[in-house]
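What you see below is based on every heavy atom in this structure, not just the backbone, and it leaves out hydrogens, waters and symmetry mates. The chains referred to below are lettered A, B, ... by the order of the sequence lines, with proteins before strands, and numbering in each begins at 1.
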Amino acid sequence: MVSQVTCLADGLEFGHKLQANSVCPLHSSSKEEGALHATTFLVNNRVRAGSNSTKSQKPFFQTLKSLTRSGKLEEAVQLIESLPPNLRNTETYSIVLHACISHKSLEHGRRLYLELLAKDQHSQRLLKEATLKSKLITLFSVCGYLEEARSIFENTFNSETVHESVWVAMAIAYSRNGCLKEALLLYTDMLWHHVKPGNFAFSLALKACADLNEIDIGRGVHAQVIKSYEEPDQVVNNALLALYAECGCFNEVLQLFGKLPKRNVVSWNSLIASLIKQNQVFEALNLFRRMQREKMGFSWVTLTSILAVCARLTALHFGKEIHAQIVKSCIRADILLLNSLMDMYVKCGVVDCGRMLFNRMRNKDLTTWNTMLTGYAINGCMDEAMGLFNEMVSSGTRPDDVTFVALLSGCSHGGLTETGQAYFRKMEMDFGISPTLEHYACLVDILGRAGKLEEALEVVRNMPMKPGGSIWGSLLNSCRLHGEVSLGEVIAKRLFEIEPNNAGNYVILSNIYAKAGMWDSVNMVREMMQRRGIKKEVGCSWVKVKNKVETFVAGGGTEFRKSVQYKKMWFELAEAMETHGYVPDTSVVLHDIDEAMKSIWVCGHSERLATMYALINSGAGMPIRIAKNLRVCADCHSWIKVVSQVTGRTVVLRDTTRFHHFKDGECSCKDYW
DNA sequence: ATAGGGATAT
């Protein structure tokens with residue numbers, strides 16, 4: 001919860017100061033004076049050496065605590081090293097090890113460890129203790145030294161009993177370093193050693209199952225949770241939710257969520273993430289509203305998920321509300337959230353806002369750069385994208401494979417054939433990134449769209465991996481663009497074997513036939529689809545006018561088209577359009593009907609209906625934002641171009657993969673898509 | 001000590 005986070009953060013800081021002041025009331029306890037404390041103590045200690053009273057331990061602990069708190073690890077370690085054996089105990093070492101863990105100081109931690117190993121029997125005994133062992137395991141694992149962590153853990157087996165906490169520390173060590181299989185194996189190992197798992201162990205095992213997508217093992221752990229002597233706590237219950245969510249068991253998620261005795265923000269977030277995974281984005285939004293109604297509040301994580309929904313729905317208005325929530329909360333948003341916010345803006349076609357956020361972000365990570373680059377690429381701003389890429393490189397951020405997917409896809413959308421090929425070479429030669437299937441798909445698309453189908457096929461033949469549906473699909477589309485009937489037939493045949501249920505492939509093939517006037521073949525494809533029970537996805541566009549989202553389906557909107565306003569607007573437009581030389585391109589209609597019928601048919605396309613609706617129902621200067629579930633129809637594209645010229649409106653249209661910004665009779669895609 | 005979130009081709 002955002003408001004609680006603020007309080008918590010304030011409280012922490014405040015509490016910290018209080019404690020620091022109470023440590024050594026005689027001296028002011030500023031960090032700079034830590035050294036003074038150490039020296040004072042050393043002097044005192046030498047004088048008092050040999051005396052064994054517990055009284056003398058107290059100031060020593062305080063000094064040690066104040067040293068570690070102010071990050072003076074070197075002096076803290078020196079202090080321990082100078083101590084007589086009787087003053088070294090679990091607590092002493094714990095304090096300093098804890099500080100080493102939070103500062104990730106392998107150097108000091110290892111010194112303590114080696115010291116313990118080398119010293120007398122007393123310290124050997126200390127090493128066997130669960131607390132110290134766990135701390136040492138944690139220390140080495142946060143510094144990335146898993147093997148050393150494991151060796152400390154293994155020494156455990158020589159002693160008689162192993163406390164659960166040591167197992168847990170080792171499991172966390174694996175989990176932290178992404179070794180999920182090892183974490184899960186450790187859990188089973190633990191069971192073999194007759195150590196009863198508690199809630200900590202459960203949550204770790206469940207997390208490992210979730211990340212490995214091991215739903216069956218996960219169910220087994222769930223059974224153990226139920227049988228356990230300990231009641232599952234919130235963390236275990238949330239880990240169970242996350243497990244079922246991650247493995248796509250949506251019913252279990254709902255059931256479990258309903259039965260939980262208590263839910264916190266994390267539980268709700270998991271449910272939201274699960275809904276998004278199920279593509280139930282509107283339900284996710286409703287759930288977010290319900291969270292607020294039930295005074296659950298939200299966290300940065302919630303907002304990140306919701307922003308992703310806004311980006312997907314081009315729900316700019318709602319996304320802006322989330323932005324306002326972030327500003328209102330008064331705490332600096334974390335980098336993940338800001339990246340999502342930026343992503344929302346660029347995915348809603350508002351590149352400038354995205355760039356403003358980008359400029360104002362103090363810490364940028366790789367995703368920040370990649371998100372902005374993707375934003376430019378899908379909005380057809382390739383000059384800006386290339387400029388940003390240069391900035392990225394000179395700022396010292398190493399581009400990765402995602403960076404190049406963004407650049408290459410941008411080049412393919414923008415028809416920048418040579419530039420795209422150059423980036424493809426550059427990627428491997430200058431940056432040592434070997435191309436993945438996605439990169440090859442982009443390259444094939446770049447070449448195919450430019451009409452270089454032979455070269456594209458050559459790439460497919462020579463690439464090291466097996467081409468999938470995406471690559472053949474892109475080639476098929478290139479055949480459509482360049483009227484390659486026979487090659488298209490060969491590719492389509494292969495595609496029907498790989499993905500027999502993808503309606504898009506059948507549609508493109510019939511497009512190819514229709515363009516060539518081969519109506520028999522068009523009918524043949526249609527019959528094939530009917531025989532196989534494949535339904536073409538219905539074209540659907542949505543547009544927001546006056547805070548309400550209006551949806552249009554191709555061929556629908558009959559009432560709207562009968563209305564007086566529609567007819568009036570249509571009449572006004574038609575005249576102006578004709579003077580601007582708009583002629584309907586009817587080749588996009590896949591039915592063998594006469595020209596007059598075809599031009600009526602294209603008027604029923606969903607993007608056209610949405611544009612008409614917005615023209616009628618929104619203020620004259622307002623930009624029109626439309627989203628569509630399929631690729632824009634070629635005729636609608638040229639129609640909207642002229643509309644933007646005639647009416648002086650900006651139309652921003654997002655189709656499946658990218659944006660078209662129509663302004664003054666031109667489109668940002670330069671008619672290349 | 002343990003649970004939830006962001007960028008990717010057609």
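In this model, no side-chain donor or acceptor of A:S474 finds a partner on the base of B:dT10 within 3.5 Å. Side-chain N/O atoms of A:S270 and base N/O atoms of B:dG4 include no donor-acceptor pair closer than 3.5 Å. Remark: the A:S299 side chain and the B:dG4 base include a donor-acceptor N/O pair separated by less than 3.5 Å. In the interface, the side chain of A:N264 is paired with the base of B:dA3 through a donor and an acceptor atom under 3.5 Å apart.
Heavy atoms of A:D233 sit nowhere under 4.0 angstrom from any nucleic acid atom. Residue contacts for A:S340: at a heavy-atom cut-off of 4.0 Å it reaches the sugar-phosphate backbone alone, with no base atom in range. Among the heavy atoms of the strands lying under 4.0 Å from A:K347 are primed sugar atoms or P, OP1, OP2 only; no base atom is included. If you check every strand for non-hydrogen atoms under 4.0 Å, A:T371 touches sugar and phosphate atoms only. Using a 4.0 Å heavy-atom distance criterion, A:T656 is classed as making no nucleic acid contact. Within 4.0 Å of A:D334, counting heavy atoms only, lies at least one base atom of the nucleic acid. Across all strands shown, A:L240 has no heavy atoms under 4.0 Å from either base or sugar-phosphate atoms.
Side-chain atoms of A:R290 and A:N286 include no donor-acceptor pair closer than 3.5 Å. Residues A:D343 and A:S340 have side chains that never bring a donor and an acceptor to within less than 3.5 angstrom of each other.
Of the listed nucleotides (B:dA9, B:dG5, B:dA3), B:dG5 has the atom at the smallest distance from the side chain of A:S305. In the set B:dT2, B:dA7, B:dG4, B:dA7 carries the atom at the smallest distance from any side-chain atom of A:V402. Closest to the side chain of A:L337, from the set B:dA3, B:dG5, B:dA7, is B:dG5. Distances were taken from every side-chain heavy atom of A:V266 (C-beta onward) to each of B:dG4, B:dG5, B:dT10; the shortest belongs to B:dG4. Taking the side chain of A:D343 as heavy atoms from C-beta on, and the options B:dT2, B:dA7, B:dT10, the nearest nucleotide is B:dA7.
With rounding to whole Å, A:I276 atom CD1 is found 10 Å from B:dG5 atom P. Look at CD1 on A:I272: it is 20 Å from P on B:dA3, rounded to the nearest Å. Between A:L407 atom CG and B:dA9 atom C1' there is a gap of 13 Å when expressed in whole angstrom units. Following rounding to the nearest Å, A:M296 (CE) and B:dG4 (P) show an atom-to-atom distance of 17 Å. A:R494 places its CZ atom 21 Å from the P atom of B:dT10, with the value rounded to the nearest Å. Whole-Å rounding puts the A:W268 CH2 to B:dA3 C1' distance at 17 Å.
Applying the ring pair (Phe, Tyr, Trp, His ring centres under 6.0 Å) test between A:F153 and each of A:Y174, A:W167, A:F140 identifies A:W167 as the sole match.
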For a side chain to side chain donor-acceptor pair (under 3.5 Å) check, start with the C-alpha distance between A:E230 and A:S228, then their side-chain angles and the critical distance, and finish with the verdict.
CA-CA 5 Å; A:E230 207 176 351; A:S228 166; 5.0 Å; no

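The side chain of A:H413 places no N or O atom within less than 4.0 Å of a non-bridging phosphate oxygen (OP1 or OP2) of B:dA9.
Under the 4.5 Å side-chain criterion, counting only non-hydrogen atoms from C-beta, A:F424 is not in contact with A:C411.
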